*Asks:* 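So that we are looking at the same thing, I have put the structure below in structure tokens.
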Protein chains: 2
Amino acid sequence: MSTEATPHIPGLSIASVERETGLSKDTLRVWERRYGFPTPERDANSERLYAPDQVQRLTQIKRLMDRGHRPGKLLALDDAALVALDAARPSVLAASNVPQLDSWMHLVKTHDSEAFQRQFYREMAKRGLAGFVQDIVAPLITLVGEAWSRNELGIFEEHLFSQHLEKMFRTVLANMSPQQGSPRVLLTTLSGEEHTMGLLMVEALMVVEDVCPVLLGPQTPIEEIVRAAQLKQVDAVCLSFSSAYSPTLSAQGLRDLRQMLPAGIELWAGGYGVKAIRKPIDGVCLMPEFKDLYDCLAKWRTEHGHEPVSASVISLPVTPK
Amino acid sequence: MSTEATPHIPGLSIASVERETGLSKDTLRVWERRYGFPTPERDANSERLYAPDQVQRLTQIKRLMDRGHRPGKLLALDDAALVALDAARPSVLAASNVPQLDSWMHLVKTHDSEAFQRQFYREMAKRGLAGFVQDIVAPLITLVGEAWSRNELGIFEEHLFSQHLEKMFRTVLANMSPQQGSPRVLLTTLSGEEHTMGLLMVEALMVVEDVCPVLLGPQTPIEEIVRAAQLKQVDAVCLSFSSAYSPTLSAQGLRDLRQMLPAGIELWAGGYGVKAIRKPIDGVCLMPEFKDLYDCLAKWRTEHGHEPVSASVISLPVTPK
DNA sequence: TCAATACTTTGTCCAAGACAAACATGAGCA
DNA sequence: TGCTCATGTTTGTCTTGGACAAAGTATTGA
């Protein structure tokens, strides 16, 4: 047993920190140069080694940035000020209109699966599927994410919560067989965006509106999205972006896809990640809020003459098997 | 309508190519320097612009690399040789005992969703759930994976296939409510193993056998697996490993987990990835084949005297919320 | 046939500089 | 007060070329 003063906390490599915080290697290096933070040690090969507490501070800063704060200000603050900012959270859910969410969070923390299930279906029956998704599920996902990043929740609880949600969505959606309806919309995410829950929520909202969603799951390369859109003869492609996905990358990806997608097929983008995109993109419909989806739909329907679905379906050439 | 000779295909930025191919920016730059490929144009700001066909070639190279080929060789080859390499591929399922699988593959390739669904449920009714999973689903997943790596199948088809499978499993499982039963088994994968389908297959087999599975989804860190196992009071933890997961990592992970898991909780491991583990691991039950699951179960049941669950449940201290 | 050695390949990291897009600020005007 | 336009600042990403260790391959020796 050595009694060395430094208890040898090795620290994380720059790649690990990128994974943990979501800040790119370039950003980490340029912050160090410009603001003097973080201040990683170096290993034998003079590569950066970040101390765990600095990584935690970086995560905190990233979270505040996602809320709209600017790095220049944040990096000048001390720990106390950061914590203060964190606590006074005009979080996305500032004035939650559903005080009930606390009791939901309690169910998540105590991982009471059965109570959870019951509560889900009860609430869904009360509010209707669309209201349930918008007022309960979406805020709850945000809350769970925040609680996790504040270390109030383990990965286990988070995973179990996701599984319950997924099970519920798939059960509900399976019984609504959206084989027809219009428009036909392809649902997926770009490579690098793994979050599926946004897609399931959108699918639920669409099914209620008599849209015909084609769920493709996450992480489809743009080339394949184009191919899928053509083969499945959809009217629109709808992408989902979580807050973890870099706004620059999402904008870039949307431009790339818009360029390759036939002009007749619309391109919609939803999810928290879209809120960070300020400038509109030509030919892309940004839907930062759920309600924007309805606007998009209404617009499409008026533009394409909203005569009964059956007529247009029959008039379309059906591809033989 | 312009009749310009160059239809102005600007190409993709290095960030987009990273997203599409999965090759890091650093790698893309160093390949250009070392091997003279790719050869991107430059935009006004002298930043790289990759032509679409070069991006396609890069994805092809990446696919072959995932199969074990080395970049130095691949980058020296011409297009014809690459395609040839693509085709040459021995199948694991040499003598398929179900000739019918070809017709299944045809359905995958033509992405005929409705025929697919019908076929699923028909076959399930014929063979029973367990037989269906073992004789149809599992081989089919392998075939689809192989066809993809041989470039006979797009990502689109592969994703759609997965979505159908997932939908089917979740629908079937939802209606079998495995709230009780014994043993209680926690289902998950280690961090880095993203494949969920193995877990769903195992869950299906277990439900039929009156086991009570607790599905946690993929990628749970070891520490959290231990916590989950204790909080959910399971009798065993069952991990799934796909063939993509490194055998060294799986063996290491299993040893680590076995060490941290209370002795009373068993540890089982299944999936193609397990076949590559030669040496048995102390205290871990390896199940390279589906039938081994039944052996494991039988063994547990005789060892724990298969008296009704109720007795042991009542005698256990229930944690208050 | 297997294990230890030396050699080659390959991805990631580093430095400091450059620049455009996003953001903030202030002026001019209804 | 509320709006738009011009100017200045902040900030992330891209650039080059060099370096090195981890992983893979080949060679040697038991």
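Predicted, not measured: the structure shown is a model, and the values here were computed from it. Just so it is clear, the values below take in all heavy atoms, side chains as well, and ignore hydrogens, waters and symmetry mates. In what follows, every chain begins at residue 1, and chains take the letters A, B, ... in the order their sequences are listed.
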*Asks:* Could you please name the option among C:dT12, C:dG11, D:dT15 that lies closest to any side-chain atom of B:Asp26?
*Replies:* C:dT12
*Asks:* Whole angstrom is fine here: how far is it from CG in B:Leu75 over to P in C:dG11?
*Replies:* 9 Å
*Asks:* Hey, which of these two, A:Arg70 or B:Arg70, hits DNA chain C nearer its 5' end, going by closest nucleotide?
*Replies:* B:Arg70
*Asks:* Please work out if A:Ser13 contacts a base, only the sugar-phosphate, or nothing of the nucleic acid, heavy-atom cut-off 4.0 Å.
*Replies:* nothing
*Asks:* Check whether any side-chain N or O of B:Thr27 sits under 4.0 Å from OP1 or OP2 of C:dT10, and answer yes or no.
*Replies:* no
*Asks:* For a quick test of reading the model, state the closest non-hydrogen atom pair linking B:Ser13 to B:Leu49 and the distance between them.
*Replies:* N-CD2, 4.3 Å
*Asks:* Check the distance between C:dT12's P and A:Asp43's CG and give it to me in whole angstrom.
*Replies:* 16 Å
*Asks:* Looking only at the side chain of A:Arg29 (C-beta and beyond, no hydrogens), which of the listed nucleotides C:dT10, C:dC13, D:dT15 gets closest?
*Replies:* C:dC13
*Asks:* Do the charged groups of B:Lys275 and B:Glu289 touch, with an N to O distance under 4.0 Å?
*Replies:* yes
*Asks:* Starting from P on D:dT13, measure out to CD1 on B:Ile14 and report it in whole angstrom.
*Replies:* 13 Å
*Asks:* Can A:Thr59 and A:Thr21 be counted as having a side-chain donor-acceptor contact under 3.5 angstrom?
*Replies:* no
*Asks:* Would you kindly give the CD-to-P distance between B:Glu47 and D:dC14, to the nearest whole Å?
*Replies:* 7 Å
*Asks:* Using only atom types and a distance under 3.5 Å, with no angle test, would you say the side chain of B:Glu20 pairs donor to acceptor with the backbone of A:Ile222?
*Replies:* yes
*Asks:* Taking the minimum atom-to-atom distance to the side chain of A:Ser24, which one of C:dC13, D:dT13, D:dT11 wins?
*Replies:* D:dT13
*Asks:* Take the protein atom CG of A:Leu28 and the nucleotide atom C1' of C:dT12, then report the distance between them rounded to whole Å.
*Replies:* 15 Å
*Asks:* Between B:Lys25 (NZ) and D:dT13 (C1'), how many Å, whole number?
*Replies:* 7 Å
*Asks:* Taking only residues two or more places apart in sequence, or in another chain, which ones meet A:Asp79 in a salt bridge (charged side-chain N to carboxylate O under 4.0 Å, His left out)?
*Replies:* A:Arg57
*Asks:* CG of B:Leu23 versus C1' of C:dG11: gap in Å, rounded?
*Replies:* 11 Å
*Asks:* Compare the minimum distances between each of D:dT16, C:dT10, D:dG12 and the side chain of B:Arg42, then state the nucleotide with the smallest one.
*Replies:* D:dT16
*Asks:* Please tell me which of A:Lys279 and A:Ser16 maps to the more 5' nucleotide of DNA chain C, matching each residue to the nucleotide holding its nearest heavy atom.
*Replies:* A:Ser16
*Asks:* Take the protein atom CG of B:Asn45 and the nucleotide atom C1' of C:dA21, then report the distance between them rounded to whole Å.
*Replies:* 11 Å
*Asks:* At a heavy-atom distance below 4.0 Å, what parts of residues 30-41 of chain A sit against DNA chain C?
*Replies:* A:Arg33, A:Arg34
